[in-house]
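In what follows, a structure is listed as structure tokens, so that the remarks can point back to it.
Computation of the quantities below employed the complete heavy-atom set of this structure, encompassing side-chain atoms and omitting hydrogens, waters and symmetry-equivalent molecules.
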Amino acid sequence: MEYVLCLFFFTLLGVAYVKGYDVVKRHSPEHLVHFYLIMATIRMLLVATIVGLYVFFTDNREDAIRFAATILIMYAITMVVTLKLRH
């Protein structure tokens, strides 16, 4: 169940990035670099928070490691896709 929620989370972040990128590009393209850095920071902080909370509230060490590895892989894939998609 938590993996489905994380997939939804990354999908939501991806849609926010794509829509935000289009808005910034249309209205003030000189701020695209700032937008990218802000979104990358927000994404990194949210992912770290989710992993931290899961590890803190889970008693099973193996599940926590598996969850953290899965989320970090999803994070890396999201970073690559957003860079390839819009740059």
Side-chain angles (χ1 to χ4, degrees):
M1 178 65 182
E2 60 267 1
Y3 295 106
V4 173
L5 290 174
C6 287
L7 186 60
F8 176 71
F9 168 73
F10 279 106
T11 302
L12 194 64
L13 279 178
V15 169
Y17 175 78
V18 169
K19 297 295 183 186
Y21 182 91
D22 290 339
V23 169
V24 172
K25 187 175 180 180
R26 189 176 331 116
H27 293 291
S28 58
E30 66 273 4
H31 294 292
L32 281 174
V33 173
H34 301 295
F35 172 76
Y36 175 76
L37 290 174
I38 290 169
M39 283 300 292
T41 303
I42 290 170
R43 188 180 318 149
M44 180 182 61
L45 290 174
L46 288 174
V47 167
T49 302
I50 289 171
V51 169
L53 287 173
Y54 189 86
V55 168
F56 183 74
F57 288 112
T58 301
D59 294 332
N60 192 344
R61 185 174 191 268
E62 290 79 24
D63 285 345
I65 292 171
R66 193 175 308 117
F67 180 79
T70 303
I71 294 302
L72 293 177
I73 290 169
M74 292 171 95
Y75 174 74
I77 290 170
T78 303
M79 292 298 289
V80 169
V81 168
T82 55
L83 284 173
K84 292 290 185 187
L85 188 65
R86 293 293 176 183
H87 290 83

N/O donor to acceptor pairs below 3.5 angstrom from side-chain atoms of residues 24-32, sequence neighbours left out:
none

List, one per line, each side-chain donor-acceptor pair under 3.5 Å for residues 52-59, sequence neighbours excluded.
unit_1 : atom_1 : unit_2 : atom_2 : d
Thr58  : OG1    : Tyr54  : O      : 2.6

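- Qualifying side-chain contact (heavy atoms from CB on, under 4.5 Å) partners for Ile65, counting only residues two or more places apart in sequence or in other chains: Arg61.
- Tyr21 has its side chain out of reach of Met39: every pair of non-hydrogen atoms, C-beta onward, lies at least 4.5 Å apart.
- No single ILVMFWY cluster, assembled from side-chain heavy atoms under 4.5 Å apart, contains both Tyr3 and Leu12.
- When all heavy atoms are compared, the tightest approach of Tyr17 to Tyr36 is OH-CD1, 3.5 Å.
- Hydrophobic clustering places Leu37 together with Tyr75 (ILVMFWY residues linked when any side-chain heavy atoms are closer than 4.5 Å, directly or through intermediates).
- Under the side-chain contact (heavy atoms from CB on, under 4.5 Å) criterion, Ile42 pairs with Ile38, Leu46, not counting sequence neighbours.
- For the side-chain hydrogen bond (donor to acceptor under 3.5 Å, both in side chains) condition, no pair includes a residue of residues 39-51, sequence neighbours left out.
- Comment: Asp63 engages Arg66 in a salt bridge, judged by a side-chain N to carboxylate O separation of less than 4.0 angstrom.
- In this structure, the side-chain contact (heavy atoms from CB on, under 4.5 Å) partners of Ile71, at least two apart in sequence or on a different chain, are Cys6, Phe10, Val47, Val51, Phe67, Met74.
- Hydrophobic clustering keeps Phe8 apart from Val4 (ILVMFWY residues linked when any side-chain heavy atoms are closer than 4.5 Å, directly or through intermediates).
- Atom CD1 of Ile50 is separated from atom CG of Leu5 by 9.5 Å, given to the nearest 0.5 angstrom.
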